[in-house]
Q: 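First the structure, then my questions, so here it is.
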Amino acid sequence: MRKHFGIYFFSLTFLLGYSIQSAAQAGISISPSRLYYNSSAAGLKAQKIKVTNPSDKPLELGVTISDWNYDSLGNNVLYPAGKLKTSCANALKVLPGAYFTLKPNEEKEISVQFNNAIKRSGDGSSQTAMIYLTQLNAGQATKTNGASIKVTVRMGVKVYFTNNPDEPAKIEIVNFKDGKSASNERILDLTIKNNGKIWGDGKAKWELLNTSTGSKTALDEFEFYSLPGDTRSLKAKLPTDLPKGKYTATSIVTYGKNKDIKVAELEFVF
């Protein structure tokens with residue numbers, strides 16, 4: 001059957017405030033999980049990361065810095081510090097240093113300094129790095145069969161820098177199709193691309209309309225993160241009990257600090 005693919009654009013603006021906290025099952029709790037820097041503050045600028053040891057034993061932590069980006073499915077891909085042209089790793093300094101210890105149930109703030117005066121590769125429109133906190137003294141855990149195992153935890157804090165903090169995100173929908181997953185499940189596959197000079201975060205949601213009966217089915221919302229130049233494949237699994245028939249799928253992508261919206265439609269047969 002011939003498929004119809006259309007894209008429509010709307011722009012909405014409102015303020016959204018939120019905080020992000022990340023926790024490990026064994027040994028470390030950190031907050032926030034992302035740090036944002038820009039060139040509005042010349043020279044050295046510092047932010048804090050709160051690190052907590054929720055256990056009843058001392059926690060030894062090592063600090064390392066690396067580069068990272070996303071693959072097409074949104075997974076993190078790691079590289080040595082300074083490997084990528086978009087790296088800002090050499091501008092970062094973590095205090096108290098590369099190693100520190102937390103007492104049982106102790107909470108400590110570490111300082112992450114960003115030195116904007118240090119020369120870095122790229123044009124500075126969008127640069128990134130990853131700060132890793134790694135547990136050096138392995139903890140004890142028990143498997144379901146009762147066996148004792150050693151557990152170490154590594155948690156990352158993503159760092160973002162831009163010379164243009166007012167630059168708008170630019171996300172485009174470049175394809176929308178139905179198909180099958182590697183496990184032979186029917187899916188909707190929405191391809192988006194970040195054509196801007198700054199990271200673009202957002203959400204995608206899908207709604208199905210049975211054109212014969214008029215019934216509607218909402219699929220799970222999908223949260224995505226992207227860096228400039230990224231092409232991202234967002235896949236939504238179709239319900240196995242979806243009634244047979246002709247459908248129109250509508251995908252709505254909301255992104256950026258201005259909550260811009262892109263809409264795509266697709267006709268398919270299930």
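This one's a predicted model, so the numbers in the text were calculated from it and none came from an experiment.
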Q: At their closest point, which heavy atom of Pro228 faces which heavy atom of Gly196, and how far apart are they?
A: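 Minimum heavy-atom contact is CB-O, 3.3 Å.
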Q: Consider only side-chain N and O atoms of Thr162 and Asn38, and report whether a donor and an acceptor are under 3.5 Å apart.
A: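 Distance-only check fails for Thr162 and Asn38.
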Q: Can you check whether Gly229's main-chain N or O pairs, donor with acceptor, with Lys193's side chain at less than 3.5 Å?
A: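 No; judged by distance alone, with no hydrogens or angles, the pair does not exist.
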Q: Run the salt bridge (Lys or Arg N to Asp or Glu O under 4.0 Å) test against Arg154 and tell me which residues pass, sequence neighbours left out.
A: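 By the salt bridge (Lys or Arg N to Asp or Glu O under 4.0 Å) rule, Arg154 matches no residue at all.
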Q: Please report the closest heavy-atom contact between Asp67 and Gly82, naming both atoms and the distance.
A: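 Answer, listing the atom of Asp67 first, then Gly82: OD2-N, 3.0 Å.
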Q: Quick check on Asn75: does its CG atom have over 12 non-hydrogen neighbours (other residues, nucleotides or ligands) under 6.0 Å away?
A: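 Yes - once you tally the heavy atoms of other residues, nucleotides and ligands closer than 6.0 Å, there are more than 12.
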Q: Does the side chain of Leu188 reach to within under 4.5 Å of the side chain of Leu190, using non-hydrogen atoms?
A: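 Side-chain contact under 4.5 Å: no.
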Q: Checking the side chain of Asp260 only, and the main-chain atoms of Tyr255 only, is there a donor and an acceptor separated by less than 3.5 Å?
A: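 Judged by distance alone, no pair lies under 3.5 Å.
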Q: Strictly distance-based, threshold 3.5 Å: is any side-chain N or O of Asn195 a donor or acceptor partner for the main-chain N or O of Lys170?
A: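 Answer holds: no.
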Q: Checking the side chain of Asn137 only, and the main-chain atoms of Pro58 only, is there a donor and an acceptor separated by less than 3.5 Å?
A: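 Yes, Asn137 side chain to Pro58 backbone: donor-acceptor pair under 3.5 Å.
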Q: Linking I/L/V/M/F/W/Y whenever any side-chain heavy atoms sit under 4.5 Å apart, do Ile198 and Tyr36 land together?
A: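 Cluster IDs for Ile198 and Tyr36 match.
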Q: Would you tell me whether Ser72 and Tyr70 have side-chain atoms, one donor and one acceptor, within less than 3.5 Å of each other?
A: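 Side chains of Ser72 and Tyr70: no pair found under 3.5 Å.
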Q: Testing the basics here: between Ser226 and Asn194, what is the closest heavy-atom pair and its distance to 0.1 Å?
A: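 Looking at all heavy atoms of both residues, the closest pair is OG-ND2, 3.1 Å.
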Q: Between Phe100 and Val63, is any pair of side-chain heavy atoms under 4.5 Å apart?
A: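 In contact.
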Q: Determine whether more than 12 heavy atoms belonging to other residues, nucleotides or ligands lie under 6.0 Å from atom NZ of Lys108.
A: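 More than 12 within 6.0 Å, yes.
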Q: Under a 4.5 Å cut-off applied to non-hydrogen side-chain atoms, are Val253 and Ile261 in contact?
A: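 A side-chain contact is absent here, since even the closest heavy-atom pair is not under 4.5 Å.
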Q: Please write out which residues are connected to Leu73 in a hydrophobic cluster, directly or through intermediates, given that two of Ile, Leu, Val, Met, Phe, Trp, Tyr count as joined at side-chain heavy-atom separations below 4.5 angstrom.
A: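 Other cluster members: none.
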Q: Return the set of residues passing salt bridge (Lys or Arg N to Asp or Glu O under 4.0 Å) with Glu221 (not counting sequence neighbours), or none when no residue passes.
A: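 For Glu221 the salt bridge (Lys or Arg N to Asp or Glu O under 4.0 Å) partners, ignoring immediate neighbours, are Lys203.
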Q: Taking the side chain as everything from C-beta on, heavy atoms only, tell me whether Thr52 gets closer than 4.5 Å to Ile28.
A: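 No; the side chains remain at least 4.5 Å from each other.
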Q: Distance from Leu35 atom CG to Lys48 atom NZ, nearest 0.5 Å?
A: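 Output value for this atom pair is 11.5 Å.
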Q: Just one of Asn210, Thr217, Asp178, Thr211 clears the side-chain hydrogen bond (donor to acceptor under 3.5 Å, both in side chains) bar with Tyr247, so which one?
A: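 Only one option passes, and that is Asn210.
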Q: Check whether any side-chain heavy atom of Tyr132 sits under 4.5 Å from a side-chain heavy atom of Leu78, and report yes or no.
A: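 A side-chain contact under 4.5 Å exists here.
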Q: Determine whether Tyr99 and Leu61 make a side-chain contact, defined as any pair of heavy atoms from C-beta on separated by less than 4.5 Å.
A: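 Side-chain contact under 4.5 Å: no.
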Q: Taking everything shown except Lys205 itself, do over 12 heavy atoms lie less than 6.0 Å from its NZ?
A: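 Atom NZ in Lys205 is not crowded, with 12 or fewer foreign heavy atoms closer than 6.0 Å.
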Q: Taking ring pair (Phe, Tyr, Trp, His ring centres under 6.0 Å) as the definition, give me every residue that meets it alongside Tyr37, ordered by chain and number, with sequence neighbours left out.
A: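 For Tyr37 the ring pair (Phe, Tyr, Trp, His ring centres under 6.0 Å) partners, ignoring immediate neighbours, are Phe114.
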Q: Any side-chain to backbone donor/acceptor pair from Ser87 onto Ala89? Under 3.5 Å, distance only.
A: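 Present.
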Q: So, do Val94 and Ser111 sit near enough that their side-chain heavy atoms are less than 4.5 Å apart?
A: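 Result no, sub-4.5 Å side-chain heavy-atom pair not found.
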Q: Quick one: side-chain hydrogen bond (donor to acceptor under 3.5 Å, both in side chains) partners of Asp166, sequence neighbours excluded?
A: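 Per chain and number, Asp166 pairs via side-chain hydrogen bond (donor to acceptor under 3.5 Å, both in side chains) with no residue.
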Q: Less than 3.5 Å apart, any donor N or O on the side chain of Asn175 or Thr191 sitting next to an acceptor on the other?
A: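 Side chains of Asn175 and Thr191: no pair found under 3.5 Å.
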Q: Looking only at heavy atoms, what is the nearest atom pair of Lys262 and Glu172, with distance?
A: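 For Lys262 and Glu172, the tightest heavy-atom pair comes out as NZ-OE1, 3.0 Å.
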Q: Given side-chain hydrogen bond (donor to acceptor under 3.5 Å, both in side chains), test Asn116 with Ser39 step by step and report yes or no.
A: CA-CA 7 Å; Asn116 193 32; Ser39 58; 5.1 Å; no
Q: Within this structure, what is the CG-CD1 distance for the pair Leu95 and Ile110, rounded to the nearest 0.5 Å?
A: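 It is 9.0 Å, given to the nearest 0.5 Å.
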Q: Side-chain contact, heavy-atom cut-off 4.5 Å: Asn69 with Leu84?
A: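 Asn69 reaches Leu84 side chain to side chain.
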Q: Without hydrogens or angle criteria, can the side chains of Lys45 and Asn115 be said to hold a donor-acceptor pair below 3.5 Å?
A: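 Short answer, no.
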Q: Could you check whether any side-chain N or O of Trp199 sits under 3.5 Å from a backbone N or O of Ser126, counting only pairs where one atom can act as donor and the other as acceptor?
A: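 No.
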Q: How close do Phe268 and Arg186 get, heavy atom to heavy atom, and via which atoms?
A: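 Closest heavy-atom pair between Phe268 and Arg186: CD1-NH2, 3.8 Å.
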Q: Tell me which pairs pass salt bridge (Lys or Arg N to Asp or Glu O under 4.0 Å) where either residue lies in residues 223-238, with sequence neighbours left out.
A: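 Passing the test, one end in residues 223-238: Glu185-Lys237, Asp189-Lys235, Asp230-Arg232.
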Q: Using the six-membered ring wherever Trp is involved, compare the ring planes of Phe222 and Trp206 and label them parallel, tilted or perpendicular (cut-offs 30° and 60°).
A: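 Ring orientation, 0 to 90° scale: perpendicular.
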Q: Looking at Lys246 and Glu267, is any side-chain nitrogen of the basic one under 4.0 Å from a carboxylate oxygen of the acidic one?
A: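 No, Glu267 and Lys246 are not salt-bridged.
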